[in-house]
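Step one of this worksheet: look at the structure below.
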Amino acid sequence: MTLLPIVKLDQIASILEPAITDYLVPTTFTLLPKRSMWRYIFRHWYIAIPIVIVSLIFLKTWGLLSIILLGAITFVAVLKYKAAGWTLAEQQLTLRYRTLMMIRTTVIMKKNKIQSLEIRESYFQQKQELGTFEAFVKSGVGDAGGTLVDMEKGDLKKIYDWYSSGKEKRICSER
């Protein structure tokens, strides 16, 4: 559920920690590697480049103004890259990312509440030792969770190992 839709970053911990004692509000996050920044930019350029090219062809001089769009899209991509991060506590996973509307979202999930955890990689991510991470918890009518794109492969393994530790023991003891 959304608890604090609009609040300053330095006030979050002082508001949440007295009310929700079993959740920790992290202050530091593991950020994405530098090489994934270019992937964020290129992913956003897929939309902007065709618009810029068409504008330059048909609008000639006025089409040069469409380059402003390219700069704005690049700025948005860099903001999304800089906001993305994750952190692990003993029994808690926290993801931070920026949504389509440029809202920075922090999702705090307890290990025993996570219902779905998925790690995948595309062909191009595989070449750069990157991957995509998704985790969801059941929240009211739908699910809540988050996705981090272009995470370091080693970080993906850390999260997977953290989540799967103890699962095999429980499965074996239930049989």
Would a hydrophobic clustering, with Ile, Leu, Val, Met, Phe, Trp and Tyr connected at side-chain separations under 4.5 Å, put L156 with L117? yes

Please confirm whether the backbone N or O of E121 pairs with a side-chain atom of K153, one donor and one acceptor, at under 3.5 Å? no

Keeping to residues at least two apart or across chains, list the salt bridge (charged side-chain N to carboxylate O under 4.0 Å, His left out) pairs with something in residues 35-51. R35-E152, R39-D150, R43-D150

Shared ILVMFWY cluster between L56 and W62, side chains joined below 4.5 angstrom? no

Whether the side chain of Q92 engages the backbone of L24 through a donor-acceptor N/O pair (distance < 3.5 Å, no angle test) should be reported. yes

Picking from I53, V52, I51, what satisfies side chain to side chain contact (heavy atoms under 4.5 Å, CB included) with I49? I53

Could you state the interatomic distance from NZ (K110) to CG (L93), rounded to the nearest 0.5 Å? 11.5 Å

Pairing of E90 and K111 as salt bridge, 4.0 angstrom limit: no

What distance separates T74 OG1 from M37 CE, expressed to the nearest 0.5 Å? 10.5 Å

Within the 4.5 Å heavy-atom criterion, are F133 and I159 side-chain neighbours or not? yes

Donor-acceptor check, side chain of R98 to backbone of T105, threshold 3.5 angstrom: yes or no? no

Show, in sequence, the C-alpha distance, side-chain angles and deciding distance for L95 and M109, and conclude whether the side chain to side chain contact (heavy atoms under 4.5 Å, CB included) test is met. CA-CA 8 Å; L95 302 176; M109 298 176 265; 3.6 Å; yes

Would you say Y81's side chain and P33's backbone share a donor-acceptor pair under 3.5 angstrom? yes

Looking at side-chain heavy atoms only, is the closest gap between V107 and Y97 below 4.5 Å? yes

Using modelled atom types and a 3.5 Å cut-off, is there a donor and acceptor pairing between side-chain atoms of Y40 and backbone atoms of L79? no

Hydrophobic cluster membership, I67 vs L69, 4.5 Å side-chain cutoff: yes

Side chain to side chain contact (heavy atoms under 4.5 Å, CB included) assessment of R96 paired with L31: CA-CA 9 Å; R96 187 179 69 185; L31 302 176; 3.6 Å; yes

Residues W86, T94; criterion side chain to side chain contact (heavy atoms under 4.5 Å, CB included); working and verdict: CA-CA 6 Å; W86 64 277; T94 306; over 6 Å; no

For A84 and L148, work out which heavy atoms get closest and say how close. CB-CD2, 3.8 Å

Heavy atoms, side chains only, cut-off 4.5 Å: are Q115 and F136 in contact? no

Is it true that L64 and L70 fall in one hydrophobic cluster, defined by side-chain heavy atoms closer than 4.5 Å? yes

The criterion is ring pair (Phe, Tyr, Trp, His ring centres under 6.0 Å); which residues satisfy it with W45, sequence neighbours excluded? F42

Do T132 and I119 have side-chain heavy atoms sitting under 4.5 Å apart? no

Nearest-0.5 Å distance that lies between atom OG in S66 and atom CZ in F58: 13.0 Å

Is V76 reachable from I103 through a run of hydrophobic residues whose side-chain heavy atoms are each under 4.5 Å from the next? no

Where the side chain of Q125 meets the backbone of S122, is there a donor-acceptor pair that is under 3.5 Å apart? yes

Y163 side chain to I114 backbone, donor-acceptor under 3.5 Å: yes

Would you find a donor on one side and an acceptor on the other, under 3.5 Å apart, between the side chain of S36 and the backbone of L32? no

